[in-house]
Engineer: 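One structure, as structure tokens, below. Some questions next.
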Amino acid sequence: MNSNTTVLLETVNFAAEKHRNQRRKDVEGTPYINHPIGVARIISYEGGVVDIEVLQAALLHDTVEDTDTSIAELELIFGPTVARIVQEVTDDKTLPKQERKRLQVEHAPHCSHQAKLVKLADKLYNLRDLNRCTPTGWTAERVQEYFVWASMVVRGLRGTHPTIEEKLEELFKQRGV
Ligand SMILES: Nc1nc2c(ncn2[C@@H]2O[C@H](COP(=O)(O)OP(=O)(O)O)[C@@H](OP(=O)(O)OP(=O)(O)O)[C@H]2O)c(=O)[nH]1
Ligand SMILES: [Mn+2]
């Protein structure tokens, strides 16, 4: 038995249970878990990254922000490194939205290499998702603003992973950002 396989399946199962009642903002109401799985897949399949703790953190990256999960719970089940990476990519939801967005830009350069990989893949997934379809209630201006803001965050993550960064730059170029 390959224990990394067991660990990854435990992790994806935990994330699926936590996100079980959540849907993406697209008209089809895609299950939310498609997003964390897709973020982990970008890091693994597209990025060639084999660091198991980064892949676990990618699967768990929105559990604390968007579900009843705590960092202490993640630390107990998945250990201190995975918990720390998720902590680094978790916004403080008690702050107003504009402040949270500003803090992502400010904090990005100071994140660990592992957290930067998760942040890059999270942005790449969400930008591709915006190209696929507009979330319900979003105007074209709001979509464009998300691209502009994401490019400011990604600027602070440069030098982390050349091929993932190239894919992001191509999407920004297409939008004139
Ligand atoms: N493109 C897209 N995004 C969707 C969809 N459904 C849910 N989201 C989530 O919405 C967030 C971006 O929307 P915003 O309005 O900027 O943020 P908010 O959810 O905090 O209000 C992302 O959160 P996040 O993953 O935490 O990343 P971040 O944007 O906070 O970095 C993304 O995962 C969808 O159908 N398409
Ligand atoms: Mn996310």
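These numbers come from a predicted model, not from an experiment. Atoms within a ligand are numbered from 1 in the order they appear, just like the ligands themselves.
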Engineer: Between Arg142 and Glu145, is there a salt bridge with N-O shorter than 4.0 Å?
Structural biologist: no

Engineer: Check step by step if side-chain hydrogen bond (donor to acceptor under 3.5 Å, both in side chains) holds for Asp122 and His35.
Structural biologist: CA-CA 8 Å; Asp122 190 23; His35 166 63; 2.9 Å; yes

Engineer: Please state which option from His35, Arg23, Lys123 has its nearest heavy atom closest to atom 31 (O) of ligand 1.
Structural biologist: Lys123

Engineer: State, yes or no, whether a side-chain contact exists between Val7 and Phe78 at a heavy-atom distance under 4.5 Å.
Structural biologist: no

Engineer: Heavy atoms only: give me the nearest Lys116-Gly156 pair and the separation to one decimal.
Structural biologist: CE-O, 4.2 Å

Engineer: For Leu130, take its heavy atoms, then give the atoms of ligand 1 lying under 4.0 Å from any of them.
Structural biologist: 1 (N)

Engineer: With a cut-off of 4.0 Å, which atoms of ligand 1 are near a heavy atom of Glu65?
Structural biologist: 26 (O)

Engineer: Going by the order shown, which atoms of ligand 1 are within less than 4.0 Å of some heavy atom of Tyr32?
Structural biologist: 25 (O), 33 (O)

Engineer: Just going by heavy-atom distances, which of Tyr146, Trp138, Tyr125 is nearest to atom 28 (P) of ligand 1?
Structural biologist: Tyr146

Engineer: Report the part of Asp122 in contact with ligand 1, treating N, CA, C, O as backbone and CB onward as side chain, heavy atoms under 4.0 Å; options are side chain, backbone, both, neither.
Structural biologist: side chain

Engineer: For Glu53, is there any backbone N or O sitting under 3.5 Å from a side-chain donor or acceptor partner on Asp51?
Structural biologist: yes

Engineer: Using a 4.0 Å cut-off to any heavy atom of Arg142, which atoms of ligand 1 qualify?
Structural biologist: 14 (P), 15 (O)

Engineer: Have a look at Lys93, Glu28, Lys97 and point out the one with the heavy atom closest to atom 14 (P) of ligand 1.
Structural biologist: Lys97

Engineer: Rounded at 0.5 Å granularity, tell me how far CG in Leu59 sits from OG1 in Thr11.
Structural biologist: 6.5 Å

Engineer: What protein heavy atom sits nearest atom 30 (O) of ligand 1, and how far away is it?
Structural biologist: Gln104 NE2, 3.5 Å

Engineer: So Glu169 and Lys173, salt bridge (charged side-chain N to carboxylate O under 4.0 Å, His left out) or not? Walk me through it.
Structural biologist: CA-CA 6 Å; Glu169 291 310 326; Lys173 205 170 86 185; over 6 Å; no

Engineer: If you look at Asp122, which of its N/O/S atoms is nearest to the Mn ion (ligand 2)?
Structural biologist: OD1

Engineer: For Arg128, is there an ion pair with Glu46 - N to carboxylate O distance below 4.0 angstrom?
Structural biologist: yes

Engineer: Note the single closest protein heavy atom to atom 24 (P) of ligand 1, along with its residue, its atom name and the distance in Å.
Structural biologist: Asn126 ND2, 3.8 Å

Engineer: May I ask which of Asp129, Thr90, Asn131 has a heavy atom nearer to atom 34 (C) of ligand 1 than the others do?
Structural biologist: Asp129

Engineer: Minimum distance, heavy atoms only, to atom 3 (N) of ligand 1: which one of Lys101, Lys25, Arg24, Arg132 is it?
Structural biologist: Arg24

Engineer: Inspect the contact between Asp62 and Lys18 and indicate whether a charged nitrogen and a carboxylate oxygen are less than 4.0 angstrom apart.
Structural biologist: no

Engineer: Roughly, to 10 degrees, what angle do Asp62 atom OD2 and His35 atom NE2 form around the Mn ion (ligand 2)?
Structural biologist: 90°

Engineer: Measuring from atom NZ of Lys25 to atom CG of Leu130, what distance do you get when rounded to the nearest 0.5 angstrom?
Structural biologist: 9.0 Å

Engineer: Could you find the nearest protein heavy atom to atom 20 (O) of ligand 1 and give me its residue, atom name and distance?
Structural biologist: Arg100 NH1, 3.4 Å

Engineer: Test your reading of the structure: does Trp149 have an N or O sitting under 3.5 Å from an N or O of ligand 1?
Structural biologist: no

Engineer: Do the side chain of Glu165 and the main chain of His161 share a donor and acceptor less than 3.5 angstrom apart?
Structural biologist: yes

Engineer: At a 4.0 Å threshold, what atoms of ligand 1 neighbour a non-hydrogen atom of Pro135?
Structural biologist: 36 (N)

Engineer: For ligand 1, indicate whether the residue Asp62 contacts it via side chain, backbone, both or neither (heavy-atom separation under 4.0 Å).
Structural biologist: side chain

Engineer: Quick test of your reading of the model: are Asp92 and Arg100 salt-bridged, counting only N-O distances below 4.0 Å?
Structural biologist: no

Engineer: For ligand 1, is any non-hydrogen atom under 4.0 Å from Arg128's backbone (N, CA, C, O), its side chain (CB onward), both, or neither?
Structural biologist: neither

